[in-house]
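FYI, the numbering just counts along the sequence from 1.
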Amino acid sequence: MLRTLPALPPDLWVAGLNAAWAAGAAVTAAYAPAEPVPAGRDLAWPGPAEEVFELAVRHGDEHVIKLADTALDVYRRTGDPDALAAVVRATTLISPVST
(Lines give C-alpha, C1' and ligand atoms only; values in the text may rest on other atoms or scores of the structure.)
Protein backbone atom coordinates (compact mmCIF):
# COMPACT_ATOMS: atom_id res chain seq x y z
CA MET A 1 0.00 0.00 0.00
CA LEU A 2 2.81 2.41 0.81
CA ARG A 3 4.10 2.10 -2.74
CA THR A 4 0.69 3.02 -4.18
CA LEU A 5 -0.15 5.97 -1.93
CA PRO A 6 1.69 8.52 -4.12
CA ALA A 7 -0.46 7.45 -7.09
CA LEU A 8 -3.75 7.80 -5.20
CA PRO A 9 -5.64 11.01 -4.56
CA PRO A 10 -5.17 11.96 -0.88
CA ASP A 11 -8.88 11.50 -0.18
CA LEU A 12 -8.44 7.74 -0.88
CA TRP A 13 -5.44 7.23 1.41
CA VAL A 14 -7.39 6.39 4.57
CA ALA A 15 -9.76 4.03 2.76
CA GLY A 16 -6.82 2.38 1.01
CA LEU A 17 -4.90 1.88 4.24
CA ASN A 18 -8.04 0.51 5.94
CA ALA A 19 -8.55 -1.98 3.11
CA ALA A 20 -4.89 -3.03 3.21
CA TRP A 21 -5.05 -3.50 6.98
CA ALA A 22 -8.25 -5.57 6.72
CA ALA A 23 -6.74 -7.78 4.01
CA GLY A 24 -3.57 -8.28 6.01
CA ALA A 25 -5.55 -9.14 9.13
CA ALA A 26 -7.66 -11.65 7.20
CA VAL A 27 -4.60 -13.39 5.76
CA THR A 28 -2.95 -13.47 9.18
CA ALA A 29 -6.09 -14.91 10.79
CA ALA A 30 -6.40 -17.57 8.10
CA TYR A 31 -2.77 -18.69 7.90
CA ALA A 32 -1.00 -17.80 11.14
CA PRO A 33 0.34 -20.87 12.94
CA ALA A 34 -0.96 -21.68 16.41
CA GLU A 35 2.53 -21.04 17.76
CA PRO A 36 5.09 -18.68 16.19
CA VAL A 37 8.35 -20.04 14.85
CA PRO A 38 11.01 -19.28 17.46
CA ALA A 39 13.28 -16.38 16.55
CA GLY A 40 16.75 -17.47 15.51
CA ARG A 41 15.54 -20.89 14.36
CA ASP A 42 18.14 -22.53 12.17
CA LEU A 43 17.09 -21.87 8.61
CA ALA A 44 19.18 -22.42 5.53
CA TRP A 45 20.66 -18.92 5.49
CA PRO A 46 21.33 -17.77 1.92
CA GLY A 47 23.85 -15.04 2.72
CA PRO A 48 23.67 -11.24 2.41
CA ALA A 49 20.40 -9.34 1.98
CA GLU A 50 20.80 -9.12 -1.79
CA GLU A 51 21.06 -12.92 -1.94
CA VAL A 52 17.77 -13.23 -0.06
CA PHE A 53 16.07 -11.34 -2.87
CA GLU A 54 17.83 -13.54 -5.43
CA LEU A 55 16.54 -16.60 -3.53
CA ALA A 56 13.00 -15.22 -3.79
CA VAL A 57 13.35 -14.53 -7.51
CA ARG A 58 14.70 -18.05 -8.14
CA HIS A 59 11.75 -19.39 -6.12
CA GLY A 60 9.44 -17.63 -8.56
CA ASP A 61 6.25 -17.17 -6.54
CA GLU A 62 5.05 -13.58 -6.83
CA HIS A 63 4.05 -13.45 -3.16
CA VAL A 64 7.50 -14.58 -2.04
CA ILE A 65 9.08 -11.96 -4.32
CA LYS A 66 6.83 -9.19 -2.93
CA LEU A 67 7.59 -10.31 0.63
CA ALA A 68 11.31 -10.19 -0.17
CA ASP A 69 10.96 -6.66 -1.57
CA THR A 70 9.23 -5.48 1.60
CA ALA A 71 11.56 -7.45 3.89
CA LEU A 72 14.59 -5.83 2.27
CA ASP A 73 13.08 -2.40 2.92
CA VAL A 74 12.55 -3.33 6.57
CA TYR A 75 16.03 -4.82 6.89
CA ARG A 76 17.69 -1.75 5.37
CA ARG A 77 15.78 0.57 7.73
CA THR A 78 16.11 -1.48 10.91
CA GLY A 79 18.87 -4.05 10.42
CA ASP A 80 16.51 -6.70 11.82
CA PRO A 81 17.63 -10.11 10.50
CA ASP A 82 14.17 -11.56 11.21
CA ALA A 83 12.94 -9.66 8.13
CA LEU A 84 15.31 -11.69 5.96
CA ALA A 85 14.57 -14.91 7.84
CA ALA A 86 10.88 -14.44 7.00
CA VAL A 87 11.74 -14.59 3.30
CA VAL A 88 13.75 -17.77 3.77
CA ARG A 89 10.86 -19.27 5.73
CA ALA A 90 8.37 -18.29 3.03
CA THR A 91 10.42 -20.15 0.43
CA THR A 92 10.00 -23.31 2.52
CA LEU A 93 6.26 -22.88 3.06
CA ILE A 94 5.17 -21.87 -0.45
CA SER A 95 5.63 -24.19 -3.41
CA PRO A 96 8.11 -22.78 -5.93
CA VAL A 97 7.02 -21.90 -9.44
CA SER A 98 8.13 -24.53 -11.94
CA THR A 99 10.27 -23.35 -14.80
Side-chain angles (χ1 to χ4, degrees):
M1 187 65 204
L2 292 177
R3 296 197 193 304
T4 61
L5 280 179
L8 291 175
D11 60 319
L12 294 179
W13 288 5
V14 172
L17 288 172
N18 286 338
W21 184 91
V27 169
T28 300
Y31 296 106
E35 296 293 325
V37 174
R41 179 173 174 223
D42 292 331
L43 295 172
W45 196 257
E50 291 73 24
E51 290 183 23
V52 171
F53 192 78
E54 291 173 15
L55 174 69
V57 171
R58 284 193 309 273
H59 182 276
D61 180 84
E62 65 268 19
H63 299 96
V64 172
I65 294 168
K66 179 57 187 152
L67 174 64
D69 180 50
T70 301
L72 283 177
D73 283 349
V74 169
Y75 179 74
R76 288 181 180 132
R77 281 195 316 268
T78 67
D80 184 353
D82 285 346
L84 301 180
V87 177
V88 177
R89 178 86 168 136
T91 65
T92 68
L93 295 174
I94 299 172
S95 298
V97 174
S98 301
T99 55

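- Pairing each heavy atom of Ala49 with each of Leu72, the nearest pair is O-CD2, 3.3 Å.
- Trp13 and Trp21 fall into different hydrophobic clusters, where Ile, Leu, Val, Met, Phe, Trp and Tyr residues are linked whenever their side-chain heavy atoms come under 4.5 Å apart, directly or through other members.
- A continuous path of Ile, Leu, Val, Met, Phe, Trp and Tyr side chains, each step under 4.5 Å between heavy atoms, connects Leu17 with Leu8, placing both in one hydrophobic cluster.
- Looking at every heavy atom in both residues, Ala71 comes nearest to Ala83 through CB-O, 3.3 Å.
- Atom CG of Leu93 is separated from atom CG of Asp61 by 11.5 Å, given to the nearest 0.5 angstrom.
- In plain terms, the two heavy atoms of Ile94 and Val64 that are nearest each other are CD1-CG2, 3.7 Å.
- Heavy-atom minimum distance, Ala90 versus Leu67: CB-CD2, 3.6 Å.
- For Phe53 against Ile65, the heavy-atom pair with the smallest separation is CE1-O, 3.9 Å.
- Heavy atoms only, all atoms of each residue included: Asp73 and Arg3 are closest at OD2-NH2, 2.5 Å.
- Once rounded to the nearest 0.5 Å, the distance linking OG1 of Thr92 with NE2 of His59 reads 8.5 Å.
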